[in-house]
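Input: a single structure, listed below in C-alpha cells.
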Amino acid sequence: MIKREITRVLAERLEELNFELDRNDIDVEEPSNDEFGDFASNVALELAAETDLSARDLASSIVEGIERELFSSITVAGPGFINFHLEKDFLTDSLSQLLASSDPLGGISVDEKETIQIEFVSSNPTGPLTVGHCRQAVLGDVLASLYRALGYEVETEYYFNDEGRQMNILARTLWARYKQALGEEVEIPEDGYKGEYLVDIGEDIASEHGSEYSRWNDETADFFKKIGLEEMIGRIKEDLDLLGVQFDSWFRESKLHKEGKVEQVLSALDERDGTYEQGGALWLKAEEEGAPKDAVLVKSNGDPTYLLPDIAYHLDKLDRGYDRALVLLGADHQRHVENMKAALRVLGFPRDFYQVLINQFVSLSNEGEVKRMSTREGEFVTLKSLVEDLGKDVVRYFMAARKPESHLEFDYELAKKESMDNPVYYLQYAHTRIASIFEKTEYADLEESFPLKEVDLSELGKDEEIELVKKLDKFPEMIEIAAGDYGSHHLVSYGEDLASTFHQFYNKFKVLTEDDDISRARLALCRGVQLVLKKLLNLLGVSAPEKM
RNA sequence: GCGCCCGUAGCUCAGUGGAUGAGAGCGACGGAUUGCGGAUCCGUAGGUCGGGGGUUCGAAUCCUCCCGGGCGCACCA
C-alpha cells in the first residue's frame with residue numbers, strides 16, 4: 001500500500017520537526033487533478049496554525065527533509081499542499097509484491113484476533129423470505145466474508161422465535177389450510193397469515209394424516225406448531241441456500257427460556273434498579289439510559305415482550321465470549337435498538353459489544369411501478385422468485401450495491417437484462433477477458449520459463465497501465481474502509497472502477513505483442529487485475545467465470 | 001409534533017470525519033472492430049450537489065433552520 005508508505009515517510013519527518021500527532025491524523029490523498037502528483041497531503045495546512053509559519057513555509061520545511069529516492073519530485077503547491085510525484089519503480093513494486101504473494105489484500109489483518117458474531121435476517125418462521133430479507137442476507141454474508149478476510153474469527157447466526165403468539169397463529173392458519181385441503185369450508189383466522197404458501201403444506205398433511213386432526217385441541221395445536229415450524233425453517237434454509245448464504249448457527253428463542261436466561265436477565269435488571277412495575281406490567285427504565293421512552297419488558301398478562309428475550313439473547317452472546325456482536329436490522333427496528341442499548345447499559349455490557357447496522361428498505365421497481373410488501377397480507381415478492389428469475393450473481397450484486405443507510409431501489413428491468421447494460425456482467429467480463437488471454441498464451445509454459453512474479457515491470461509506463469497498478473494497490477485500503485463502515489457497496493464501486501480501467505487498457509493496447517518484454521509485463525499486470533477481481537467477486541459471493 | 005435515515009445530471013447512485021477542474025452507469029445523440037472475446041471502447045449534450053444562513057484560508061462533505069420523501073414514536077415482532 002503506497003499511501004501507507006508515504007504516510008510513514010511523512011510521519012517520520014514530522015517527528016523530526018517535533019510535531020506530536022497520531023499517524024492516523026496524517027491525511028494523504030490522491031488528488032483529483034493529476035497535475036498535483038500521485039499523492040498529496042494537507043498536513044502543512046492543518047499544522048500551520050500551531051506554528052508561526054505560513055502553511056506554505058511549513059510545507060517547504062517539511063519537504064526539505066524528506067528523502068528523495070522514492071519520489072521523482074515533491075513540490076509545495078497552492079495554499080500549502082505537498083504534492084508527491086512517484087518514481088515508477090515505487091508504483092510497480094506494489095504489483096511485484098502482489099504477484100509474489102498472490103494475496104490481493106497485501107497481508108493486512110487486524111492486530112488482535114477479534115471474534116465477531118454477526119446476526120442477520122432472523123426472520124421468524126411465519127412466512128417466506130422476501131426481497132427485504134434478501135438485502136440483509138447478502139449484506140450480512142458479505143460482511144462476514146470481509147471480516148474473515150481481515151483475519152477476524154467470525155460466526156454468523158440466525159435467531160428465531162420458535163414459540164409464542166406468532167407460532168400459535170401459524171399453527172391456526174396451517175390447520176385452516178389443512179381443513180380446507182380436506183374439503184371443509186374454513187376461514188383463515190382473522191390475524192392469520194393469508195399468503196398461499198401454507199396451502200401445499202396443509203395439503204401434504206391432509207394426504208398423510210387424513211382427518212386425524214380435525215378437532216382443535218392441545219395435541220393438534222402442538223402438532224401443527226411443530227410441523228409448521230419445521231416446514232418454514234426448512235424453506236427459509238432452502239431460500240438462503242439459493243442465494244448462497246449459509247449460517248454457522250441457528251438460535252431458537254426457546255433455548256433462552258429453557259436455560260433460565262430470561263429469568264437471569266430479569267433479576268439482573270432488577271438488581272441494578274433498572275425496572276419498575278406499573279399497570280400490572282414490568283417496565284425497563286429506558287429513558288434514564290437515553291431512550292425516548294420507557295419500555296415494557298413483561299406485559300400485564302405475564303407474557304414477555306420481544307425486548308426481554310432479546311436482552312437475554314445478548315447476555316447469551318456475551319457469555320459465549322464474542323468481542324463484538326453485530327446485528328443487522330431493518331429501519332423499522334430503530335426504536336427497539338434504543339431500548340436494547342438502554343438495557344445493555346443498565347447491565348453494564350462492554351461499550352462497543354453491541355453494534356447495530358440499520359438498513360433501509362428495498363423497493364422493487366418495474367416499469368416505474370413500486371411495490372410494497374406485507375407478510376401478513378400475503379403480498380410480497382419472495383427471495384426465491386427473485387433468485388430463480390435473475391440468478392444468484394445478479395441478485396447478490398444488486399443487493400450489495402447500495403450503502404445500507406440508503407433506500408435500495410431494485411431495478412427489475414435492468415437486473416433482468418442479460419446484456420452489457422447489466423453492471424454485473426461488466427465485472428465478470430473483465431475477468432473472463434483476462435482468463436481468455438492466459439488461455440491463448442499457453443500460460444503454463446510461459447509461467448515456467450518466465451515466472452510472472454519475476455517479470456521486469458519497467459516496461460509498464462502507459463497512463464492506463466499506471467492507473468491499473470495504482471488501483472490494484474488501493475484494494476486493501478478499500479476493504480478496510482468497507483469493513484469499517486459496514487458497507488458492501490464499496491466493493492461494487494471499486495469493482496466497477498477497476499473493471500472500467502481494465503477495459504480501457506485492453507481496448508487501447510494489446511497484451512500479446514511482438515515484443516516479449518512488453519507482453520510479459522502486461523501479462524503480469526493482467527494477472528494482478530485477475531487476482532484482485534477474483535477476490536472481489538469472491539467476497540461479494542458472485543462467481544468469477546473463465547468463460548461467459 | 002418528536003426521533004433516525006435519505007435528498008448530487010432526465011433515471012439509479014458513488015463521492016473513506018474539509019482543501020487543487022463536481023463523478024459513474026443507464027437513457028439521448030454521434031463515432032470506433034479484416035489483430036488477445038464488441039457483454040468492450042471513444043466523443044457530445046445534461047447539475048444553483050433540495051433551499052436559506054453560519055463556521056473556515058477553503059464546504060456536496062461540519063453546525064443550524066426550512067422544504068420534500070422513507071421509517072419509527074405499542075403491554076406487535
Side-chain angles (χ1 to χ4, degrees), chain A residues 27 29 31-33 35-37 40 42 45-46 48-49 55 77-81 83 122-124 126 161 164-166 191 278-283 291-293 295-307 310 330-338 358-361 363 365 368 401-411 413-414 417-426 428-430 432-441 477-478 480-482 484-485 487 489-490 492-494 496-497 499-500 502-513 519 522-523 526 547-548:
Chain A
D27 213 10
E29 297 286 341
S32 50
N33 184 340
E35 277 174 36
F36 298 117
N42 62 353
L45 286 149
E46 284 181 343
F81 292 96
N83 295 334
S122 294
S123 165
N124 279 333
T126 56
N161 186 347
R165 205 173 75 90
Q166 285 195 60
D191 53 0
Q278 193 182 70
L282 189 71
W283 293 73
K293 282 185 189 171
V296 172
L297 292 165
V298 182
K299 299 185 241 177
S300 52
N301 70 2
D303 290 342
T305 60
Y306 165 56
L307 178 61
D310 205 31
D332 53 341
H333 283 64
Q334 169 211 333
R335 184 57 197 288
H336 175 67
V337 173
E338 291 176 300
I358 297 256
N359 63 282
Q360 296 294 324
F361 292 148
S363 55
S365 78
R402 301 285 175 252
K403 58 182 166 195
E405 63 268 30
S406 290
H407 292 266
L408 190 157
E409 185 165 326
F410 194 100
D411 187 336
E413 291 168 275
L414 178 59
K417 281 191 188 175
E418 292 192 11
S419 71
M420 60 181 167
D421 295 342
N422 195 320
V424 189
Y425 302 116
Y426 188 80
Q428 293 182 321
Y429 186 53
T432 301
R433 273 185 152 174
I434 295 171
S436 168
I437 295 170
F438 280 110
E439 199 176 341
K440 202 135 268 161
T441 61
E477 185 194 347
M478 182 278 295
E480 282 180 330
I481 290 168
D485 71 0
H489 67 289
H490 289 108
V492 171
S493 305
Y494 173 90
E496 289 182 5
D497 189 34
S500 169
F502 173 75
H503 285 310
Q504 283 168 46
F505 158 76
Y506 180 91
N507 213 264
K508 197 160 171 181
F509 304 106
K510 282 196 62 99
V511 173
L512 306 173
T513 64
S519 302
R522 288 183 179 162
L523 279 168
C526 286
K547 287 186 163 54
M548 292 171 72

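Here is the naming used below: chain letters follow the sequence lines, and residue numbers restart at 1 for every chain.
Rounded to the nearest Å, the gap between the P atom of G53(B) and that of G10(B) is 23 Å. Spacing of P atoms, U8(B) relative to G70(B), comes out at 15 Å, to the nearest Å. When the P atom is used for both U64(B) and C26(B), the distance is 39 Å, rounded to whole Å. Distance noted for atom P between C67(B) and G25(B): 37 Å (whole Å). Taking atom C1' on both nucleotides, G43(B) is separated from A60(B) by 28 Å, rounded to a whole Å. Rounded to a whole angstrom, the distance from the P atom of C29(B) to that of G21(B) is 34 Å. Separating the C1' atom of C66(B) from that of G7(B) is a span of 14 Å, rounded to the nearest Å. A gap of 14 Å separates the C1' atoms of U55(B) and U61(B), to the nearest Å.
Separating the CG atom of Leu414(A) from the C1' atom of C13(B) is a distance of 12 Å, rounded to the nearest angstrom. Distance, Leu408(A) CG to C71(B) C1': 16 Å, rounded to whole Å. Look at NZ on Lys403(A): it is 11 Å from P on U8(B), rounded to the nearest Å. If you take CD of Glu413(A) and C1' of G25(B), they are 16 Å apart, rounded to a whole angstrom. Here A39(B) presents its P atom at 5 Å from OH of Tyr429(A), a figure rounded to the nearest Å. Rounded to an integer number of Å, the gap from CZ of Phe502(A) to P of G37(B) is 10 Å. The OH-P distance, from Tyr426(A) to U12(B), rounds to 22 Å in whole Å. Between the CG atom of Asn301(A) and the P atom of C75(B) there is a distance of 12 Å, given to the nearest Å.
Counting only heavy atoms from C-beta on, Leu512(A) has its side chain closest to C36(B) among C36(B), G3(B), C75(B). Nearest nucleotide to the Gln504(A) side chain, out of A14(B), G70(B), C42(B): C42(B). Here the side chain of His489(A) is nearest to one of A14(B), A77(B), A39(B), namely A14(B). Comparing G69(B), U16(B), U40(B) by their closest approach to the side chain of His407(A) singles out G69(B). Here the nucleotide nearest the side chain of Glu409(A), chosen from G37(B), A77(B), C13(B), is C13(B). Listed candidates were C13(B), C71(B), C36(B). Nearest to the side chain of Ala331(A) is C71(B). For Phe81(A), counting side-chain heavy atoms from C-beta on, the closest listed nucleotide (A19(B), G37(B), U40(B)) is A19(B). In the set U20(B), C73(B), A19(B), U20(B) carries the atom at the smallest distance from any side-chain atom of Asn83(A). Among the nucleotides C36(B), U12(B), C71(B), the one closest to the side chain of Ser436(A) is C36(B). Distance from the side chain of Val296(A) is smallest to C75(B) among A14(B), G37(B), C75(B).
Across all strands shown, Thr513(A) has no heavy atoms under 4.0 Å from either base or sugar-phosphate atoms. Here Leu45(A) lies in heavy-atom contact (under 4.0 Å) with a base. Counting any heavy atom pair closer than 4.0 Å across all strands shown, Phe410(A) reaches no nucleic acid atom. Counting any heavy atom pair closer than 4.0 Å across all strands shown, Gly330(A) reaches no nucleic acid atom. Using a 4.0 Å heavy-atom cutoff across all strands shown, Lys547(A) reaches at least one base atom of the nucleic acid.
The side chain of Arg433(A) contributes an N or O atom lying less than 4.0 Å from OP1 or OP2 of G38(B). Neither OP1 nor OP2 of U40(B) sits under 4.0 Å from any side-chain N or O of Lys508(A). Close to U40(B), at under 4.0 Å from its OP1 or OP2, lies no side-chain N or O of Thr432(A).
Residue Ser300(A) places a side-chain atom within donor-acceptor reach of the base of C75(B), judged by atom type and a 3.5 Å distance cut-off alone. Between the side chain of Asn42(A) and the base of A19(B), at least one donor-acceptor pair of N or O atoms lies under 3.5 Å. Between the side chain of Gln334(A) and the base of G3(B) there is at least one donor-acceptor pair of N/O atoms closer than 3.5 Å.
The shortest distance between side-chain heavy atoms of Phe505(A) and Val511(A) falls below 4.5 Å. For the pair Arg335(A)/Pro292(A), a side-chain contact is recorded, criterion being any heavy-atom separation below 4.5 Å from C-beta on. When side chains are defined from C-beta on, Leu523(A) counts as touching Ile437(A), because their heavy atoms get closer than 4.5 Å. Side-chain contact check for Ser436(A) versus Lys547(A): every heavy-atom pair is 4.5 Å or farther apart. Side-chain contact between Arg522(A) and Thr513(A) is present, with at least one heavy-atom pair separated by less than 4.5 Å.
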*asked:* Does the protein touch nucleotides 30-35 of chain B at the base, only the backbone, or not at all? Give it as B, S and - per nucleotide, heavy atoms under 4.0 Å.
replied: -----S
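Remark: the backbone N or O of Thr126(A) is not paired with any side-chain donor or acceptor of Asn124(A) at under 3.5 angstrom. A donor-acceptor pair under 3.5 Å is formed between the side chain of His503(A) and the backbone N or O of Tyr426(A).
Each of Gly279(A) and Gly80(A) has a nearest nucleotide on RNA chain B; the 5'-most of these lies closest to Gly80(A). Nearest-nucleotide positions on RNA chain B place Phe505(A) closer to the 5' end than the other of Phe361(A) and Phe505(A).
In plain terms, the two heavy atoms of Cys526(A) and Phe502(A) that are nearest each other are SG-CE1, 4.0 Å.
Applying the ring pair (Phe, Tyr, Trp, His ring centres under 6.0 Å) test to His336(A) and every residue at least two apart in sequence or in another chain returns Tyr306(A).
If you check the side chains of Ser500(A) and Glu496(A), you find no donor sitting under 3.5 Å from an acceptor.
Pair assignment for G1(B) gives C73(B), based on Watson-Crick or G-U wobble hydrogen-bonding distances that are each under 3.5 Å.
An aromatic stack links Tyr506(A) and the base of C36(B), using centre distance under 5.5 Å and interplanar angle under 30°.
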